[in-house]
Structures are given as structure tokens and as C-alpha cells.
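Report on one structure; see the data block that follows.
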Amino acid sequence: MPTPGDPIPRLLVSDFDFAPRDAERLRAALGADHVLLVKGRDAVRETLTTHPEADVLAGFFPPADVLDRAPNLRWIALASAGADHVLGAGLVRADGPAVTTANGVHAVPISEFVFSMMLLWARHWPEMLALQRAHDWPEQRRKRALTGRELFGATLAVVGVGAIGRRVAQLGRAFGMRVTGTTRSAQPGTHDPDLDDLVPLARLDALLAEADYVVIAVPATPQTHHLIGAQQLRAMKPSAFFVNIARGSVVDEHALIAALHAGRIGGAGLDVVEDEPLAADSPLWNMPNVIISPHVSGVTPSYSARFTDLLLENLARFQAGEPLRNLVSIEHGY
């Protein structure tokens with residue numbers, strides 16, 4: 001472990017794809033000799049083996065044997081909002097390095113992505129783009145099938161009001177929607193300035209029954225595994241549009257497919273699925289009431305800058321011996 005007078009950190013190793021400007025910001029803050037940027041997990045493994053002084057690792061997917069390869073590691077700074085993969089790998093330990101997430105970095109891009117899916121659905125954009133590709137200007141009778149819905153006045157239910165869910169709620173308010181939500185810690189009568197109604201998770205089914213749009217934004221934990229199953233899908237309106245930008249494990253995919261096929265819900269926008277990549281023979285691909293994206297809702301050119309901002313703030317805290325932001329809790333599972 002570092003001794004008094006040693007630089008903090010001794011060495012930050014990362015395979016995150018920092019933009020050039022952000023890489024320079026890191027080097028300027030820590031000193032070029034204390035930052036080692038590599039490409040790929042194999043390079044991370046090799047670097048940690050050859051640089052036992054490394055005490056900070058930043059990136060999306062730490063090697064499963066990182067604790068064996070890096071005996072002086074004191075902090076793993078994840079570039080992802082979720083920590084389910086490191087918890088599942090046993091990398092979060094009471095006697096191990098601190099682990100933080102990039103919670104908050106994704107709030108803007110993912111919330112905008114959610115509304116892009118909702119608007120695609122509400123205004124029949126998949127059908128209209130198909131008409132465009134076919135050079136088909138429909139006559140009046142067929143135009144009526146393209147009559148859109150308004151978000152204004154509709155009810156939006158946000159399941160999980162964390163950084164992402166809160167931003168979704170705020171955008172919902174901007175669209176003039178009635179916004180409801182639920183969190184693990186909500187108590188009866190809890191007031192939230194960004195929602196019209198915040199209810200305990202025990203009232204999830206009642207919350208879903210009122211919603212025209214449902215957005216899933218909870219972390220993946222043992223407690224949220226298949227949080228949305230057949231019972232919850234039956235509680236929804238037949239016209240409801242369901243969006244999952246959390247993790248595929250939160251939704252019972254077989255129950256979702258059955259509900260979509262039977263028309264028990266109106267449609268779904270899925271940026272995540274239970275097993276990624278989605279199998280080529282999955283019925284979800286060809287369902288006319290499903291919009292699929294390949295787990296890209298949080299990716300924009302601003303990702304590097306936002307992650308670097310958070311990393312630099314936490315590096316300052318690390319150097320000062322102060323608590324880090326977004327520490328992962330074994331008890332909570334995120």
C-alpha cells in the first residue's frame with residue numbers, strides 16, 4: 001500500500017476510450033506518469049501484472065481476476081451506471097477496493113432516448129418510414145391509420161426514480177404529462193417535486209394500471225430480477241407503451257412476448273434484453289408493436305466528457321481521503 005508522501009494515485013490504469021481532450025485533462029490533473037491508458041481487457045490484464053503499483057482502475061468491465069493481478073488496487077471506477085457485473089463477479093468486498101459507478105452520466109442521453117422511442121410510437125414513425133422507403137403517399141383512408149397520439153395529458157409511470165428516472169420524469173413534465181413513479185425507498189405520502197405521485201414499490205401494479213407509458217429505470221439486483229412479469233403486464237392498459245432502458249433481467253421476457261403477442265399491452269421499446277445480443281430467432285425482431293435498439297441509449301459524443309468530469313471529481317476526493325461519489329453497496333446491490 002502507498003506510504004506517506006507517495007503520490008495518490010500511484011497509477012491509474014484505464015481501457016475506457018477517452019476523447020483526446022479528456023485524456024489530456026486526466027494527465028494534467030494527475031501527471032502523465034500516473035496515467036496509463038490501454039486498449040482492451042487483455043491489455044488491462046497485462047498492464048496490471050506488469051505494474052503492481054496500480055491502485056486505480058477505470059473502465060466498463062474489470063477482469064474477473066483483477067484483485068489477484070492488482071494487489072495494491074484501492075479503487076475501481078466503473079464507466080457504467082450499473083454494477084451488477086462486478087457484484088456478480090465478487091469484486092465488491094468489504095475488505096476490497098472501493099467500487100464506484102458512473103451513475104448520473106447517462107441521465108441526459110438515456111432520458112432523451114426514452115422520449116425518442118415514445119414519440120416514434122405515438123406518432124407512428126416506423127410505419128411512416130416504411131411508406132417513405134416504398135415511395136408510398138397513402139390516400140386519405142390509409143392516412144387515418146397514422147393518426148398520432150399526444151404525450152400531453154398522458155400518464156407516464158417511471159419505475160425507478162434515480163438519476164435517469166428523474167430526468168425522464170422532468171422531461172415528462174415538460175411535455176405536459178402526468179408523471180408518477182416508484183422507488184425502493186418510497187413511503188406512503190412521500191412528496192417528490194418532479195412527480196405528481198410517488199408511491200411505494202408495493203403499489204407497483206396499481207401504478208402500472210394508470211399509465212399510458214411505462215419506463216423501467218431500476219438497477220439490476222436480485223430484488224429487481226423479473227420485477228416486471230406476467231402479473232404486472234396484465235395490470236397495464238391494452239394501449240400502454242412499455243420502455244426498458246434498465247437491464248433485460250428486470251423483465252420476464254417470455255411474459256413480455258406473450259403480452260405483446262396477445263395485445264395485452266400496446267407496444268414496447270427495448271434497448272436491453274435478457275440475453276444480449278438478441279437471438280436471431282427471437283420473435284421480438286418481427287413484432288410490429290416492438291421497437292428494438294442494441295443497448296445504445298446512453299452512448300453519445302458527450303459520454304467521455306461527462307465520465308471524465310465525474311472521474312476527476314472522485315479523484316480529488318480520493319486524494320483528499322474523502323468519501324467517493326456513487327459508491328457501490330453490497331447491501332443494496334448497486
Enter the distance from [X]:[atom1] to [Y]:[atom2] here, rounded to the nearest 0.5 Å.
X	Y	atom1	atom2	result
L311	R306	CG	CZ	15.5 Å
R264	R234	CZ	CZ	7.0 Å
L171	R166	CG	CZ	12.5 Å
T47	R41	OG1	CZ	14.0 Å
T180	L156	OG1	CG	6.5 Å
L278	L270	CG	CG	8.5 Å

Compare every heavy atom of [Y] with every heavy atom of [X], then report the nearest pair and how far apart it is.
X	Y	answer
F307	A58	CZ-CB, 4.4 Å
V13	A54	CG2-CB, 3.9 Å
A255	A230	CB-N, 3.7 Å
I291	L120	CD1-CB, 3.8 Å
V218	A246	O-CB, 3.2 Å
L284	I292	O-CD1, 3.6 Å

With a cut-off of 6.0 Å (strictly less than), are more than 12 heavy atoms of other residues, nucleotides or ligands near [atom1] of [X]?
X	atom1	value
D196	CG	yes
R203	CZ	no
E150	CD	no

Going by the side-chain contact (heavy atoms from CB on, under 4.5 Å) test, name the single residue among V243, V114, V159, V158 that passes it with I216.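 Between I216 and the candidates, side-chain contact (heavy atoms from CB on, under 4.5 Å) is satisfied uniquely by V159.
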Would you check if [X] and [Y] make a side-chain contact, meaning some heavy-atom pair closer than 4.5 Å?
X	Y	result
V290	L260	yes
R69	L57	no
P200	P188	yes
L30	Q319	yes
D42	R45	yes
P62	L78	yes

Cluster check [X], [Y]: I/L/V/M/F/W/Y, side chain < 4.5 angstrom:
X	Y	value
F242	F115	no
V215	I110	yes
L207	V179	no
F113	L119	yes
L146	M117	yes

Under the criterion salt bridge (charged side-chain N to carboxylate O under 4.0 Å, His left out), I'd like the reasoning laid out for R178 against D212: C-alpha separation, chi angles, the key distance, then a yes or no. CA-CA 10 Å; R178 175 176 178 266; D212 300 296; over 6 Å; no
Working for side-chain contact (heavy atoms from CB on, under 4.5 Å), residues L312 and L26: CA-CA 7 Å; L312 287 173; L26 272 181; 3.9 Å; yes
Ignoring hydrogens and geometry, is there a side-chain-to-backbone donor-acceptor pair from [X] to [Y] under 3.5 Å?
X	Y	answer
T224	L227	no
S282	A279	no
T182	V199	yes
N72	P52	yes
T100	R325	no
Q232	G229	yes
N103	G82	no
N326	T101	yes
S304	A19	yes
R74	V56	no

Just do the side-chain hydrogen bond (donor to acceptor under 3.5 Å, both in side chains) check on H226 and E274 with the steps written out, would you? CA-CA 10 Å; H226 285 188; E274 284 208 73; 3.1 Å; yes
Working note: H85 + S80, criterion side-chain contact (heavy atoms from CB on, under 4.5 Å); need CA distance, chi angles, decisive distance, verdict. CA-CA 10 Å; H85 55 302; S80 59; 3.3 Å; yes
Please determine, by modelled atom types, if [X] and [Y] share a side-chain donor-acceptor pair under 3.5 angstrom.
X	Y	answer
E53	H34	no
R184	Y334	yes
S293	D271	yes

Can R93 and L67 be said to form a side-chain contact (heavy atoms from CB on, under 4.5 Å), step by step? CA-CA 10 Å; R93 305 177 185 176; L67 301 184; 3.4 Å; yes
Salt bridge or not for [X] and [Y], using N-O below 4.0 Å?
X	Y	answer
R167	D194	no
D136	R142	yes
E24	R21	no

Anything under 30° is parallel, anything over 60° is perpendicular, the rest tilted; go ahead and classify F60 against F16.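 Geometry flag for F16 against F60: tilted rings.
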W75 vs F318 aromatic rings, parallel, tilted or perpendicular, using cut-offs 30° and 60°?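 Tilted.
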Apply side-chain contact (heavy atoms from CB on, under 4.5 Å) to the pair L256 and I265, showing each step before the final yes or no. CA-CA 9 Å; L256 176 62; I265 63 173; 3.8 Å; yes
